2 protein chains.
Amino acid sequence: MGTTQLESVPEPKYWHLKTVLTEALDSEFSVGEILPNERDLAARFGVARATLRQALEQLELEGRLQRRRGVGTTVAPPRVGVAVGSEQHAWPGAADDAWQPVDCTTAVPPAGVADHLETDPDEQVHIVRRSRVTHGQPVAAELLYVPGSSVPALSAIDAPSGAARARAVLRELQHMELEGQAQSVELGSAGAADAKELDRLPGAPVLVVTTRFYAEGRTAAVSVATYRADTCRLTFGDSGRVEIHHDPERRAS
Amino acid sequence: MGTTQLESVPEPKYWHLKTVLTEALDSEFSVGEILPNERDLAARFGVARATLRQALEQLELEGRLQRRRGVGTTVAPPRVGVAVGSEQHAWPGAADDAWQPVDCTTAVPPAGVADHLETDPDEQVHIVRRSRVTHGQPVAAELLYVPGSSVPALSAIDAPSGAARARAVLRELQHMELEGQAQSVELGSAGAADAKELDRLPGAPVLVVTTRFYAEGRTAAVSVATYRADTCRLTFGDSGRVEIHHDPERRAS
DNA sequence: GAGTGGTCTAGACCACCGT
DNA sequence: CGGTGGTCTAGACCACTCT
């Protein structure tokens, strides 16, 4: 027992790799630069490609890298701050809110949404699909669920389908007085449809923002928005902005 | 070219596995139940263990499963809603805010935090460590950075270290008038220290909530809180609560 | 077609938990 | 101690993008 064990806590190789790569990214690479391919990198570090990939995956999760099949791995820019919650409540579609209506269908919402809306489990609602673009890149996809009772004056005739109908639904919403809204954020993975819209592979990590809009004493609409977790930093709160921070390892003790 | 291609878009095995497992979880398992071990499951589905693990990883990310080394894989309960942003701004430590002070040290903050606080890059600040527990489970770990100028009356004598000193710092904060706060949420991975406190392995996905507290016309304190992404749903907003929703695959079209 | 990242395999050993 | 999930290897093939 007299030997000083230098390797008493052997940290996993991929973890150490991640640390080394992080330092390299901070010092030797600039945003947009492309890294050597995975096979070369793995050989250079003397590990299997799967091990290297485990490190790259985490770095991508943390928004440090961007990987694209058929192209390569590049150094990602700092995350974009996107405003999600603000003190001034407003209906979606009001005074252009950074979202762009895409189309509108009518269908039965998922069970969880139906619970929020207090509609029958098999009652159809309007579903407005919108997308959010920042700096030319898609950052979020949204499904807005609006029961027919929230837009009674909506005429099925003047906008039968597509983006025009989406705008019609949003326009009708403004006629109600918004009494409040509640939001939640959780981690999810992109479904096939969202992945396509976000230009990612299915299963990519997303931040799911669920918003309930209250009007006339009930939940008048529900929005489920999925933001790219790799590129987005969601900002809430009243005053200024919250800046970037890159804290690879926080504190020693 | 006359053949109808049924397999024109062969989805990955792990993706299909995830779908099958999700349905099984919804119908055949109850919360807390333990699944067969990974080797058995892989054999049952006729895939390699690595492939099965890829599916399990995603399900854990979505909060459907909980895996613990040496124990097994269990069905996770629905995510806990934890209140993070509220309209009534209050200093940390006020009117017991669900956080428990752990200890307090003095050190130079990370560069990003120093930027927020507008302190010199090598100026030491008070660092209060707090933890948040819900239903007996640790859900978040926080580092609260307080520059000395925000707590001028703090005496180094009456609470030299530990939780007592942490409480002393929090007490002094209440003396300022809080003018506002701004928050951001982003995805991260747990460092060694946070992982230990959250009872997870290093690298586990976390939701990083950064809060700036404004007082006396400047940023008087910065809090960086890491929440377990697998078990937590962060709630913001003014009125009620946002309920659970499990939407494995959202919409077909 | 050449080169990239994404998926998959069939093993092996390790770290941890319970008994 | 036996059983679990966590790490790692050295290959193979596939899907995609660019030229």
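Note that the coordinates shown come from a computational prediction; the quantities given were computed from them, not determined experimentally. Chain identifiers are assigned alphabetically (A, B, ...) following the order of the sequence lines, protein sequences preceding nucleic acid strands; residue numbering begins at 1 within each chain. Basis for what follows: all heavy atoms, side chains included, without hydrogens, waters or symmetry-related copies.
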Practice task
Give a yes or no on whether the backbone of B:Ser30 and the side-chain of B:Glu33 come within a donor-acceptor separation of less than 3.5 Å.
Solution key: yes
Problem - Residue pair B:Ser131 / B:Gln100, side-chain donor-acceptor N/O under 3.5 Å - result: no
Fill in the blank from the handout: Separation of D:dG6 atom P from B:Leu41 atom CG, nearest Å, is 13 Å
Practice task
Round to the nearest Å and state the distance from A:Glu38 atom CD to D:dG11 atom C1'.
Solution key: 15 Å
Exercise for the section: Can you tell me the distance, in whole Å, between the CD atom of A:Gln66 and the C1' atom of C:dG5? Expected result: 13 Å
Handout entry: Phosphate-side-chain proximity, A:Thr51 and D:dT7, N/O vs OP1/OP2 below 4.0 Å
Key = no
Problem - Atom-to-atom span, CG of B:Leu52 to P of D:dG6 - whole angstrom - result: 11 Å
Practice task
Starting at atom CH2 of B:Trp15, determine the distance to atom P of C:dT7, rounded to an integer number of angstrom.
Solution key: 10 Å
Practice task
Choose from D:dT9, C:dT7, C:dA10 the nucleotide whose nearest atom is closest to any side-chain atom of B:Ala48.
Solution key: C:dA10
Exercise for the section: Answer with yes or no whether B:Arg39 presents, from its side chain, a donor or acceptor under 3.5 Å of a partner atom in the base of D:dG5. Expected result: yes
Problem - Touch class at under 4.0 angstrom, heavy-atom based, for A:Arg68 against every strand present - result: sugar-phosphate
Exercise for the section: Respond yes when some side-chain nitrogen or oxygen of A:Asn37 is under 4.0 Å from OP1 or OP2 of C:dT4, and no when none is. Expected result: yes
Exercise for the section: Please state how far atom CZ in B:Arg53 lies from atom P in D:dC8, giving the value in whole angstrom units. Expected result: 11 Å
Exercise for the section: Grab the CG-P distance between B:Leu201 and C:dC17 for me, whole Å please. Expected result: 10 Å
Fill in the blank from the handout: The nucleotide from C:dT9, D:dC13, D:dT17 with an atom nearest the side chain of A:Arg49 is D:dC13
Practice task
May I ask you to evaluate whether A:Thr73 reaches the phosphate of C:dT4, defined as a side-chain N or O under 4.0 Å from OP1 or OP2?
Solution key: no
Fill in the blank from the handout: Sorted by position of nearest nucleotide on DNA chain C, 5' first, the leading residue of A:Gly72 and A:Ala50 is A:Gly72
Practice task
Could you grab the distance from atom CZ of B:Arg67 to atom CG of B:Asp230, nearest 0.5 Å is fine?
Solution key: 11.0 Å
Handout entry: N/O (side chain, A:Tyr14) to phosphate O (OP1/OP2, D:dC8) under 4.0 Å
Key = no
Handout entry: B:Tyr14 versus B:Arg53, side-chain donor and acceptor atoms under 3.5 Å
Key = no
Exercise for the section: Using whole Å, report how far CD of B:Gln58 lies from C1' of C:dG6. Expected result: 13 Å
Completion exercise
Contacts of B:Gly70 and B:Glu60 projected onto DNA chain D by closest heavy atom; the upstream (5') one is B:Gly70
Problem - Sugar-phosphate only, base, or nothing, as touched by A:Leu56 at under 4.0 Å among non-hydrogen atoms - result: nothing
Handout entry: Side chain of B:Val71 - closest among D:dG6, C:dC17, D:dT7
Key = C:dC17
Exercise for the section: On the 0 to 90° scale, with breaks at 30° and 60°, tag the B:Phe236-A:Phe236 ring pair as parallel, tilted or perpendicular. Expected result: parallel
